[in-house]
Amino acid sequence: MQYTMIFPGQHQLPPLPYAYNALEPVISARTLRIHHDKHHKSYVDGLNKAELSLVDARRRNDFQYIKYWEKELAFNGSGHILHSIFWTVMAPSGTGGQPGPHTTAQINNYFGSFDAFKEQFKNATEKVEASGWGILTWQPSWRRMEILQAEKHQNLTQWSGIPILVCDVWEHAYYLDYQNERRKFIDAWWNIINWYEVERRLVLGMNGQVHLV
Ligand code: FE
């Protein structure tokens, strides 16, 4: 867990908390290797490059490319954070436990029942337009959860919302294994959720301790 400030350009690709084949057959080793080693790494590299470019811009007081670097900062920063969460909210089938007491209470409080939450999460995730994410957040402003879609992951956010459970439905997350059948991926993915990590993230968020990565 990261408590200290990360200096510009110092972000690192976090290792997967399990082997490449640990999530099979839901996610193949080939998909996971490309997704983590190539896609996530490119977000980390892009974020570091954007931060260092802005350090340079500040030093030279030259902001002619500010729009470009701010977009790179948002796109790669969100990609790095969401992928870092995505790896930890999954676990090998049968080892992720059941929704914890806080998770269950907050879900029932706001969504009415676990099944209602599950159906909204799956439908929201399935129907993300083009590439994106399904995201369960803790909204500290209103002391409750919410389910959100992120079409481009730097957009459509509620800025203070804290991601609790995220599902990557960019094509690179499932296309080798499921082709265009996104719902089949989501249904299978549901069985590898790490509910211990979901509960930990919720409790940290509820206590105002926001550690995203
Ligand atoms: Fe991804």
Side-chain angles (χ1 to χ4, degrees), residues 2 6 11-51 70-93 96 121-137 146-159 161-195 197-198 201 211-213:
Q2 188 61 249
I6 298 175
H11 298 281
Q12 293 182 349
L13 180 67
L16 284 178
Y18 32 67
Y20 288 109
N21 64 357
L23 302 180
E24 288 186 335
V26 175
I27 297 175
S28 68
R30 189 165 168 233
T31 292
L32 200 54
R33 190 179 291 276
I34 294 170
H35 199 170
H36 177 268
D37 293 7
K38 304 287 185 196
H39 288 276
H40 189 171
K41 174 122 187 338
S42 81
Y43 287 119
V44 174
D45 293 345
L47 176 60
N48 285 331
K49 186 174 179 190
E51 288 181 348
E70 290 290 351
K71 281 182 182 169
E72 286 291 292
L73 205 57
F75 178 73
N76 291 294
S78 287
H80 175 37
I81 287 170
L82 287 169
H83 282 93
S84 297
I85 298 171
F86 185 55
W87 310 133
T88 62
V89 297
M90 297 185 289
S93 189
F121 187 92
K122 286 188 175 186
N123 273 280
T125 304
E126 180 183 8
K127 286 159 191 161
V128 172
E129 198 166 291
S131 299
W133 299 78
I135 301 180
L136 174 66
T137 62
E146 192 55 275
I147 292 168
L148 298 167
Q149 294 178 317
E151 286 176 8
K152 296 174 181 172
H153 57 209
Q154 68 273 41
N155 297 348
L156 301 179
T157 184
Q158 286 181 334
W159 286 92
I162 299 168
I164 302 299
L165 173 67
V166 307
C167 182
D168 191 341
V169 286
W170 291 60
E171 287 183 350
H172 62 235
Y174 64 90
Y175 215 81
L176 286 174
D177 301 329
Y178 299 86
Q179 289 77 55
N180 61 332
E181 299 197 79
R182 183 186 278 185
R183 178 61 185 234
K184 272 194 182 166
F185 167 64
I186 297 165
D187 285 341
W189 179 85
W190 195 263
N191 298 316
I192 57 168
I193 292 174
N194 183 352
W195 288 107
E197 175 67 11
V198 173
R201 287 188 169 278
H211 302 296
L212 291 174
V213 179

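These numbers were taken from a predicted model, which means no experiment stands behind them. Note that ligands are numbered from 1 as they come in the structure, with each ligand's atoms numbered from 1 the same way.
- With sequence neighbours left out, Glu51 forms a salt bridge (charged side-chain N to carboxylate O under 4.0 Å, His left out) with no residue at all.
- Annotation: salt bridge (charged side-chain N to carboxylate O under 4.0 Å, His left out) contacts of Lys49 (sequence neighbours excluded): none.
- Aromatic ring pairs are classed by plane angle as parallel below 30°, tilted from 30° to 60° and perpendicular above 60°; the pair Trp87 and His83 is tilted.
- The count of protein N, O or S atoms under 2.8 Å from the Fe ion (ligand 1) stands at 4, with waters excluded from the count.
- Using a 4.0 Å cut-off between a side-chain N of Lys or Arg and a carboxylate O of Asp or Glu, Glu126 and Lys122 do not qualify as a salt bridge.
- Screening His80, His172, His35 for a ring-ring contact (aromatic ring centres under 6.0 Å, His included) with His40, the sole residue that qualifies is His80.
- For Arg30, there are no salt bridge (charged side-chain N to carboxylate O under 4.0 Å, His left out) partners, not counting sequence neighbours.
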